[in-house]
Amino acid sequence: MLSIREVVKEAFSIGLLTVEAEEQLRQLLQTKYDAKDFRAFMLLQHAVVSGSIRQESRELAIRQKPLAIAS
């Protein structure tokens with residue numbers, strides 16, 4: 001299984017946090033990890049919030065959301 005740092009590195013290299021990578025991170029965060037993994041995860045969190053890394057699951061949710069009809 002990959003480490004948190006490896007998943008984060010992949011997200012930074014492609015500029016996208018995929019749905020699969022999110023699931024890997026959920027699983028990895030339930031196991032024991034070190035301070036370097038924690039820092040990498042925090043950097044990824046910041047990058048997603050700031051918009052420098054796109055989040056696939058968020059983009060998919062936005063696309064599936066029906067448009068509101070103005071009355």
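Note that this is a predicted model, so its numbers are computed, not measured.
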### Task
Let me see the working for Gln55 and Glu59 under side-chain contact (heavy atoms from CB on, under 4.5 Å), right down to the final yes or no.
CA-CA 6 Å; Gln55 187 176 6; Glu59 292 176 0; over 6 Å; no
Keeping the roles fixed (side chain from Glu23, backbone from Glu20), state whether a donor-acceptor pair exists under 3.5 Å. no
Original post:
According to a 4.5 Å side-chain heavy-atom criterion applied to Ile, Leu, Val, Met, Phe, Trp and Tyr, with indirect links allowed, do Phe41 and Ile14 form part of one hydrophobic cluster?
Top reply: no
When rounded to the nearest 0.5 Å, the distance separating CZ of Arg58 from CZ of Arg63 is 13.5 Å
Margin query: Between Arg5 and Asp34 (salt bridge meaning N to carboxylate O under 4.0 Å), is one present in this structure?
Written below: yes
| query | Would a hydrophobic clustering, with Ile, Leu, Val, Met, Phe, Trp and Tyr connected at side-chain separations under 4.5 Å, put Leu28 with Phe12? | reply | yes
**Prompt:** Is any side-chain heavy atom of Leu44 less than 4.5 Å from a side-chain heavy atom of Leu17?
**Reply:** yes
Worksheet item: What's the verdict on side-chain contact (heavy atoms from CB on, under 4.5 Å) for Asp37 and Ser3, showing C-alpha distance, side-chain angles and the deciding distance?
Response: CA-CA 7 Å; Asp37 280 325; Ser3 72; 4.1 Å; yes
query = Is the side chain of Glu56 donor-acceptor paired with the backbone N or O of Val19 at a distance under 3.5 Å, no angle test?
reply = yes
Interatomic distance, CD@Gln45 vs CE@Met42, rounded to 0.5 Å, equals 6.0 Å
Partner of Leu2 under side-chain contact (heavy atoms from CB on, under 4.5 Å), picked from Val7, Val8, Leu25, is Val7
Review point. Are Phe38 and Leu29 in one and the same hydrophobic cluster, where Ile, Leu, Val, Met, Phe, Trp and Tyr link if side-chain heavy atoms are under 4.5 Å apart?
Key: yes
